[in-house]
Amino acid sequence: MLLLLLLSCAVSLKGQNLGTQTINLTDWVFSLDSIHWQSVTIPHSYNAIDGHSPKYYRGKGYYKKVISLSKADLKRPLMLLFEGAAQQATVLVNNQPVIHHRGGYTPFWVTLNGHVHEGENTVTVTCDNHEDVDLIPVNSDFNKNGGLHNPALLLKMSSVFFSPEKTGFYRLHVVTPKVSEDEATTVMTAQLGNSTGRKSKVTVVFSLLDAEGNQVYSHAVPYQVAVGSQLLTVSDQFTVAHPHLWNGVKDPYLYKAVITLKDKEGTVLDEVRTKIGYRFYQVTADKGFLLNGYPYPLRGVAEHQDMAGEASAVTKTDIDRDYQIIQELGCNFLRLAHYPHRDYEYKLCDSLGIIVQTEIPWVDVCGTHAQKEYFDNIHQQMREMITSLYNHPSIVFWGMWNEIDNWGNNDHFQGPIDCQRVVSETARLYDYAKSLDPQRLVGVTDCSLYGREGYAGLKGDFFSENRYNGWYYQKAIPAHVFEDMAAVHQKHPVCNLSEYGAGIDPFCHTTETDMNKLRADDKYHFEELGNLVHEEHVRQILNMPFLNFTSAWVLFDFPVAARQEGFMDSDDGIHFTTDENKKYINDKGLVTRDRKVKKDVFYLYKALWNHQVKTVYITGRRLKKLYADKPYTVKVYSNASSLQLWIDGKWVQTLPQCDDPSGVIWTFHTVVLPVGSHEIKVVGDGVEDVVGWDTTQPLL
């Protein structure tokens, strides 16, 4: 498993045995009533099935695990690490409560010493996802699943050890405060704990290895670690000349930072390591994002941690598959919303060169009756996110909140929205996040065109806008995106388009060409309308070089218990069938939740972003029944240099270039097909796509 590799414990190093051991706790028993138990494998969510429903279970779920410890184990510091227990969790050891953690997406630790004995020990975790107005997220347009939906580990530490308390589960922080093509300043920091009962003399070796494993730097420093609970901070600063820069998807070069702890005889007691990337970046008001001194427009998608049949308890295999899809898409940016995702995702982004914005789940709610406990929890989750994800070079943007708006602020939660409190608490949270990580950018995401009360003083390095032109408003066509974002740009020079898109049911189609009629009823999420919405956004984004990043909403469909929309199917654009399975889901994804269908717009972005692959994709392929003697347009998404249209084996038309401003949306002359089955083929740069269209007699 990933975390075994990240923590680098229980493995050998040049023939020496490391003192700290890590055990991945995958096998548990689970119960919803603490009476009837079943075996489960972590990660696990008890909303894996019912989340796609009008009312999913919100309450307690119980997990139990027996851990066997030897007499020798009891002489070592022992810790449990939970990477995420949703939405809050109480941990009991041998039926005695040890810790209560509030927050479902960030890691926390449990010290076992003093709570365990030789032999079998029972660990019980009570997860709880009930509605809690003092715990983020309170209200959200995504389900708040319950369970141990991220990995859980047992750490058997050496008697002198690197502590995770202030440096997260990597147990070290690496800062690169000054980076250029000429040199990179590096600061490696960890904290030592001592459980020996006496002052201990140790040596800490700070090392840096390049991607090939060659040693770039090494420095051994002696320390004396005092007895007691006080942790000793150990740190080393050095400069790397002419570093190989981490240069996004073009060249995501990674070094390996290693800190090794040895006793006075030279025996390795502990070791921690992480991969780092040297890069420097800048957000600008006019040129957009700069990476390593050069313009680098960030274009990508947003993503939830979710999978059909598993909810948020995704496996490493799920994530690997999803990132193959992301690589095929060709984007260079991800917004991992609306909470910190499993660490393995960020590790993949590091290795693939994908720049990331991630955020805490402060979503929707900041009411007039909000209590101090609420804002304390917000700060806690910000600290836990930054502390644990600190080393990832892919992360450039920390998000403080998303869409604090009127719909989540009512008497059921915390009362009406308190805009003044939003501004003041945002300022306080910004300062706190910057104290934890002065290097990265910290900002907010909203849907207000930066126009709410007091927002002129809203603190943040960037402002991201969620716009749904052509979907929730201006429904006829996705007009005025440029005008809207230009208005935001005037108010906050560093701005982003963080969400845009449309509901798309790839099995709901229309032959209607009047765009004013296509959004009259929310049961119909026509794929053809979704195509038009995304196409127009692509065109207008090209005219906004000031945008530092854009992220289409969303990569994969995901369940939302409150949504009842888009549940009609049609294969001819005339006859529609109700499909109840399409309710309670946000279907703005470029790909369906089960990953089986890549919608037309997936290929729009693949053609636009993936320059390593030639894309030729005919849109409208799922509209199975057309009508004879009616003109139809063959529209293609392609990054080829020219295209040829063939129908039933006969050449029809050649387009020598793309006349659309996007450069990837190609439109042939309309064609009229007689009754029968027809083969539509488009060829470009040696790549072809073929679809079959059946035509029938038109309706009288």
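The shown structure was predicted, so the numbers you read here are calculated from the model rather than taken from an experiment.
- Separation of the H304 and H338 ring centroids falls under the 6.0 Å cut-off.
- A salt bridge between E345 and R342 is absent, with no side-chain N of the basic residue lying under 4.0 Å from a carboxylate O of the acidic one.
- Under the 6.0 Å distance and 45° angle rule, K144 counts as a cation-pi partner of F142.
- Between R593 and D306 there is a salt bridge, since at least one side-chain N of the basic residue sits less than 4.0 Å from a carboxylate O of the acidic one.
- In this structure R321 satisfies the side chain to side chain contact (heavy atoms under 4.5 Å, CB included) test together with M307, D318, R595, sequence neighbours excluded.
- The backbone N or O of A561 sits less than 3.5 Å from a side-chain atom of N143, completing a donor-acceptor pair.
- Using a 4.0 Å cut-off between charged side-chain N and carboxylate O, D571 and R622 make no salt bridge.
- A distance of 6.0 Å or more separates the ring centres of F549 and F289.
- One finds no salt bridge joining K624 and D572 here, because no Lys/Arg side-chain nitrogen approaches an Asp/Glu carboxylate oxygen to under 4.0 Å.
- Cation-pi geometry between K583 and F567 is satisfied (NZ or CZ under 6.0 Å from the ring centre, within 45° of the ring normal).
- Side chain of Y450 to backbone of Y455: a donor-acceptor contact under 3.5 angstrom is found.
- Using modelled atom types, one side-chain atom of H341 and one backbone atom of A337 make a donor-acceptor pair closer than 3.5 Å.
- A 4.5 Å side-chain heavy-atom check between V613 and K606 finds at least one atom pair inside the cut-off.
- A salt bridge is absent between D600 and R621: the closest approach of a Lys/Arg side-chain nitrogen to an acidic carboxylate oxygen does not fall below 4.0 angstrom.
- R299 forms no cation-pi arrangement with W609, by the criterion of a distance under 6.0 Å to the ring centre and an angle within 45° of the ring axis.
- A salt bridge does not link K588 to E499: none of the charged nitrogens lies less than 4.0 Å from a carboxylate oxygen.
- With hydrogens and angles left out, the side-chain atoms of Q305 and N150 include a donor and acceptor closer than 3.5 Å.
- For the residue pair R452 and N406, no side-chain donor N or O sits within less than 3.5 Å of a side-chain acceptor on the partner.
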